[in-house]
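If you're wondering where the values come from, they're calculated on a predicted model, not measured in any experiment.
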Amino acid sequence: MQKFFSNRKLVIFIICLIISFGLMTVSVAVRNKRSTPPVVQQFGNDIVGFADNVVATPMNGIHHGFVSIKNLLNTYEENQQLKSQVNQLTQTKVKDQILTKENKQLKRQAKVGNTLTSYSKINAAVITRTPSSWNSQIIINKGQAAGIKKNMPVIAGKGLIGTVSEVNKTNSKVVLVSNTSQNSNRFAVQIINGAGKVVNGIITSYDGTNNQITMGNVTSKAKLKKGDKVTTSGLGGVMPKGIYVGTVAKITEDDYGLAKKVYITPAANLNDIEVVSVAVRNSGGELTHDKKNSS
């Protein structure tokens, strides 16, 4: 009897399995033939779609909310940074105005008038530059009538290119820093190193091979390095202080090992000179004029 029931359960299981496969086959066949799914399947799909919308809508809202909050926080941080930069620029501008005003007041109080860095410019054009003297001199179209005097510095582009060596009524001759003559272009310069130490010296020659000006007989112990700025020192009497000459290219010992030689790369392009400015050092007499106007 027990064996019979066991065989009966197996027969029922096989029959159910056959019926299930048959229903699945019929369902697939019907689905392939119909343009729309059965009503029961449509109902199930609608319920599933509705449930997806119910779940997805608040989740999308939460996601967009987090994104909006993140963007708002980023905008706030950027706005704070921009405000800080604007405040710094404003402070710098105000400080510059205050320092300018204080400088004028101190000049009047100390009665120093124009300092060594005070100068005006006379603009001129190059009218002559011959191939034979290309690296030695140029002639400009301004002279005595414009207020130009001998030994005044001449600037082109970024820096100093030479000094006035001869002045006529309507034109002047300028000897360039690239002049290799031993008796030309001797002017005082200074170098301020990274530690703020000042090294004074005189331009002594020009190295045409490397396009470098030579500052010789430097006995200062201050450390110099490549890239230090070189400017005029204003100690020559006619030349103002602070005119950009160039940058330090290298430092070597002189032939006797007692002093240093500093090689300087000129700031100006000495091969492209068409328009120049002659720097005229302001005299202290202008202080009296300013003082009278202020009183």
Side-chain angles (χ1 to χ4, degrees), residues 119-191 201-218 226-234 236-252 254-255 261-281:
Y119 64 90
S120 56
K121 294 181 180 179
I122 300 175
N123 296 324
V126 177
I127 57 176
T128 304
R129 190 178 189 184
T130 61
S132 60
S133 60
W134 185 264
N135 292 325
S136 302
Q137 64 183 31
I138 59 174
I139 297 176
I140 60 176
N141 65 346
K142 293 290 177 67
Q144 291 178 354
I148 293 177
K149 298 179 181 180
K150 187 177 180 180
N151 295 326
M152 284 183 173
V154 183
I155 305 167
K158 294 181 180 181
L160 186 75
I161 62 166
T163 56
V164 176
S165 62
E166 184 180 305
V167 184
N168 303 307
K169 195 67 177 178
T170 58
N171 60 71
S172 300
K173 183 185 293 184
V174 178
V175 59
L176 301 174
V177 294
S178 55
N179 193 320
T180 56
S181 173
Q182 294 294 324
N183 297 320
S184 64
N185 256 342
R186 300 295 180 266
F187 55 91
V189 294
Q190 67 177 16
I191 306 172
I202 302 292
I203 295 300
T204 57
S205 62
Y206 175 78
D207 181 4
T209 304
N210 299 311
N211 183 32
Q212 292 174 346
I213 309 167
T214 306
M215 176 181 174
N217 301 320
V218 179
K226 184 178 179 179
D228 285 343
K229 298 288 191 297
V230 184
T231 61
T232 56
S233 64
V238 177
M239 188 172 294
K241 179 181 180 180
I243 297 177
Y244 188 29
V245 177
T247 57
V248 174
K250 66 177 180 178
I251 305 100
T252 62
D254 66 4
D255 296 336
K261 293 177 69 175
V262 180
Y263 292 88
I264 302 163
T265 301
N269 183 359
L270 300 177
N271 291 318
D272 184 16
I273 306 174
E274 296 181 357
V275 178
V276 301
S277 297
V278 181
V280 181
R281 185 167 171 176

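- Residues that satisfy the salt bridge (charged side-chain N to carboxylate O under 4.0 Å, His left out) test with Lys142, not counting sequence neighbours, are absent from this structure.
- A pairwise comparison of heavy atoms in Ala146 and Ile122 identifies O-CD1, 3.1 Å as the closest pair.
- Looking at Thr214, its side chain never comes within 3.5 Å of a backbone N or O of Thr204 through a donor-acceptor pair.
- A 4.5 Å side-chain heavy-atom check between Val189 and Ser233 finds every atom pair outside the cut-off.
- Once rounded to the nearest 0.5 Å, the distance linking OG1 of Thr231 with NZ of Lys241 reads 7.5 Å.
- When all heavy atoms of Val167 and Gly143 are compared, the closest pair comes out as CG1-C, 4.0 Å.
- Using modelled atom types, one finds no donor on one side chain facing an acceptor on the other under 3.5 Å when comparing Thr163 with Asn151.
- When Asn211, Asn179, Asn135 are each tested for a side chain to side chain donor-acceptor pair (under 3.5 Å) with Tyr206, only one passes: Asn211.
- For the atom pair CG (Asn171) and CG (Asn141), the distance works out to 8.5 Å, reported to the nearest 0.5 Å.
- Contact detail for Ile251 and Lys226: the closest heavy-atom pair is CD1-N, 4.5 Å.
- Val280 has its side chain within reach of Met152: a pair of non-hydrogen atoms, C-beta onward, lies under 4.5 Å apart.
- In this structure, OG1 in Thr265 is found 10.0 Å from NZ in Lys250, a value given to the nearest 0.5 Å.
- Legend: residues meeting side-chain contact (heavy atoms from CB on, under 4.5 Å) with Thr209, ordered by chain and number and at least two apart, are Asp207.
- Side-chain atoms of Thr232 come within 3.5 Å of backbone N or O of Ile243 as a donor-acceptor pair.
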(request) Mind running side-chain contact (heavy atoms from CB on, under 4.5 Å) on Val230 and Val262 for me, showing each step along the way? (result) CA-CA 10 Å; Val230 184; Val262 180; 5.7 Å; no
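- Ile161 is not listed as a side-chain neighbour of Ile155, based on a closest heavy-atom distance of 4.5 Å or more.
- Val126 places none of its side-chain heavy atoms less than 4.5 Å from the side chain of Ile139.
- Ala268 approaches Gly159 most closely through the heavy-atom pair CB-O, 3.7 Å.
- Proximity of a side-chain donor or acceptor of Asn269 to a complementary backbone N or O of Asn271 within less than 3.5 Å is detected.
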(message) Working note: Leu270 + Ser178, criterion side-chain contact (heavy atoms from CB on, under 4.5 Å); need CA distance, chi angles, decisive distance, verdict.
(response) CA-CA 8 Å; Leu270 300 177; Ser178 55; 3.8 Å; yes
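- Contact between Met215 and Ile191 at its shortest, heavy atoms only, is SD-CD1, 3.6 Å.
- The heavy-atom pair separating Gly162 from Leu160 by the smallest distance is O-CD1, 3.6 Å.
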(request) With side-chain contact (heavy atoms from CB on, under 4.5 Å) as the test, would you mind laying out the steps for Gln144 and Lys149 before giving the verdict? (result) CA-CA 7 Å; Gln144 291 178 354; Lys149 298 179 181 180; over 6 Å; no
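- For the pair Val248 and Tyr263, the minimum side-chain heavy-atom distance is 4.5 Å or more.
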(request) Could you give me the CA-CA distance, side-chain angles and deciding distance for Val278 and Lys121, then say whether side-chain contact (heavy atoms from CB on, under 4.5 Å) is met? (result) CA-CA 5 Å; Val278 181; Lys121 294 181 180 179; over 6 Å; no
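- In this structure, Arg129 contributes its side chain and Trp134 its backbone to a donor-acceptor pair below 3.5 Å.
- One distance of note links CD of Glu166 with OG of Ser172; it measures 8.5 Å at 0.5 Å rounding.
- Looking at Thr130 and Thr128, their side chains come closer than 4.5 Å, going by heavy atoms from C-beta outward.
- With a 4.5 Å cut-off on side-chain heavy atoms, Val164 and Lys173 do not count as touching.
- Annotation: the span from Ile273 atom CD1 to Ile138 atom CD1 amounts to 5.0 Å, rounded to 0.5 Å.
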